[in-house]
Amino acid sequence: MTVATKRRVAVIGAGISGVVTAAHLSREGIDVTVFERSSAAGGVWLFDKRVSLEPAYPSLLASKGEVYASDPTSTLDEAELDAVRHAPPGPCYVGLRNNVGTRLLTTTLNPFPVGTEEYVSHSVLKEYIQDTAIKTGVHHITRYDTEVKHLSKINGRWEVETVTLEPQATDRFERKTETSIFDNVVVASGHYHAPRVPDIPGLSKLKQLFPTRVQHSKGYRTPEPFKNKNVLLIGASVSSTDIARELGPLADNVYQSNRGGAFDLPASMLPENGTRIDEVVAFSFPEKEVSDLGENDPLPSTITLKSGKTICGIHDIIVCTGYHITLPFLPEFHSDNTLAVDASPTTLVTDGSQLHNLHKDIFYIPDPSLIFIGVPYFTATFTLFEFQAMLAAKVVAGKVKLPTEEAMRKEYNERVSLKGYGKTFHSLREKEVEYVNELLDFANPQLETKLNGHTEVWHTARAELVLRMKALFAGTGGPVRELGVTCA
């Protein structure tokens, strides 16, 4: 009689989605290895004072989203650059706090310490993730400083190629490459790695001429460098508004441009010296180019808005236009030049705004041994991702059977018809409870021990959050101010 071999599962990423997934897989008796390219768990909440390398300007192709431009102003030596390229610092900045209360983020695996406030520093959330990893044993099955370079399905199993950066005594690093075999792969690598930079006429030239004055929000760390400056933020969603509020007490003027996107926050959330302006359509320059600026000199560029108005006197520009969804370890599943509407039944990424061909935003329909956790937007992330992890663990353990490929495809197509393409496809705004109930209604009829849904505490906190957001969005008009830096 042969002894059944444990299933082996690779989990990519040790943010909250990777930690909860590895924990629930381990509880099912599955052999799990987590690969994390940073030196610690925490994901987006892991603060790193180093600034990430800037992307290319523009950065439009999802498959190239983690290709970084050379920076002539960088003071990093070769070893430091190697470390930053291996594990680029995330977008966490000094003042980052959660905008979803901790009662909504508490997982079944680990309570927050007694007395934890609703809204806390990034360090509290990082510590919570790391504490959860330790208490569940995930920390001990995580290979840190290890980047997944490529995934290949060969003879029915996944070959996972990795590179580990091992420090040497001489302040240098040695790269150790390895290939491991797994039955399943879980992608839990998060959203905030590959900056998206739009192709606004003149922006790439401005970046080339004045590289320290133009940056993507991923590299923002603290408001102090912008003291007494006029700052333009391109984009009007969460990161832009958070940064605007941080800049407010120090900057002279903060201008936030928007295109009227579905996920823009109301202008009423801007600071007193903040002004919402319409879309930036071009940056132009004087006939005689200026290449050398004093520290307090504004950029020599006229900024044209969609309305036809122009502004000048801007000192710094922060590009807050979000991130590509990208899978650098699965390049064969990218199709950069394909419209989202034309994605094939096997494509995962087209323009970087969504993932295609996933059943319930989790299982890759052509091959459900490839699993994604943490894809949905606008959720109470920690708990939502844990529900996904619970279902995934039950499926991998063989306790819950997925529908046929044909049935999964039918459900997916119905969802596409209902939600369309792009970021909205993964949005669970006002639909989070419905989605979780859908997962439970699918899994529980097949389980002896049922999975529980959201707690009463969670529902109470959710109701309070809804009221808070309604109050914020009630004042959508925001401050009405004249443009203080209009061109003569």
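- Side-chain contact check for Ser26 and His24: no donor-acceptor pair (N or O, by modelled atom type) lies under 3.5 Å.
- With sequence neighbours excluded, the residues satisfying ring pair (Phe, Tyr, Trp, His ring centres under 6.0 Å) with His216 are Tyr323.
- Inspection of the Thr346 and Ser344 side chains reveals an N or O donor paired with an N or O acceptor under 3.5 Å.
- Using modelled atom types and a 3.5 Å distance limit, the side chains of Thr326 and His193 yield no donor-acceptor pair.
- Of the N and O atoms on the side chains of Ser39 and Asp145, at least one donor lies less than 3.5 Å from an acceptor on the other residue.
- With Thr347 contributing its side chain and Ser335 its backbone, the two residues share no donor-acceptor pair below 3.5 Å.
- Checked against Cys320 for a side-chain contact (heavy atoms from CB on, under 4.5 Å), the options Ile234, Val238, Leu233 give a single hit: Leu233.
- Salt bridge annotation for Asp361-Arg415: present, with a cationic side-chain nitrogen under 4.0 angstrom from a carboxylate oxygen.
- Looking at Thr107 and Tyr128, their side chains do bring a donor and an acceptor atom within 3.5 Å of each other.
- The CG atom of Asp351 sits 11.5 Å away from atom NE2 of His334, with the distance rounded to the nearest 0.5 Å.
- The backbone N or O of Pro211 lies less than 3.5 Å from a partner atom in the side chain of Lys207, making a donor-acceptor pair.
- Here the CZ atom belonging to Phe387 is positioned 11.5 Å from the OG1 atom belonging to Thr379, to the nearest 0.5 angstrom.
- Under the 30°/60° scheme for interplanar angles, the aromatic rings of Phe363 and His359 are found to be tilted.
- Note that Arg429 lies in the cation-pi zone of Phe378, set by a 6.0 Å cut-off to the ring centre and a 45° limit from the axis.
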Trace of the side chain to side chain donor-acceptor pair (under 3.5 Å) decision for Glu246 with Tyr93: CA-CA 10 Å; Glu246 281 214 339; Tyr93 49 90; 5.5 Å; no

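- For the residue pair Arg8 / Asn184, no side-chain donor-acceptor distance below 3.5 Å is found, with atom types taken as modelled.
- Gln256 and Thr275 are not linked by any side-chain donor-acceptor pair at a separation below 3.5 angstrom, with hydrogens and angles left out of the test.
- A cation-pi arrangement is absent between Lys218 and Tyr192 under the rule of less than 6.0 angstrom and at most 45 degrees off the ring axis.
- For Glu147 (side chain) and Lys149 (main-chain N/O), no donor-acceptor pair under 3.5 Å exists by modelled atom type.
- Figure legend: Arg97 and Tyr119 shown without cation-pi pairing, the cationic atom not lying both under 6.0 angstrom from the six-membered ring centre and within 45 degrees of its axis.
- Side-chain contact of Glu36 with Ser38: a donor-acceptor pair under 3.5 Å is present, judged by distance alone.
- Rounded to the nearest 0.5 angstrom, Ser189 OG and Ile12 CD1 are separated by 6.5 Å.
- Side chains of Glu178 and Lys176 form a contact here, defined as non-hydrogen atoms less than 4.5 Å apart.
- Under a cutoff of 6.0 Å and an axis angle of 45°, Lys205 and Phe285 form a cation-pi pair.
- Considering only residues two or more places apart in sequence or on other chains, Phe333 meets the ring pair (Phe, Tyr, Trp, His ring centres under 6.0 Å) condition with Tyr364.
- When the ring pair (Phe, Tyr, Trp, His ring centres under 6.0 Å) test is applied to Tyr57, no partner is found at least two apart in sequence or on another chain.
- Using cut-offs of 30° and 60° for the angle between ring planes, the His426 and Tyr377 rings count as tilted.
- For the residue pair Ser63 / Asp336, a side-chain donor-acceptor distance below 3.5 Å is found, with atom types taken as modelled.
- Residues Trp158 and Ser152 bring no donor and acceptor atom of their side chains to less than 3.5 Å of each other.
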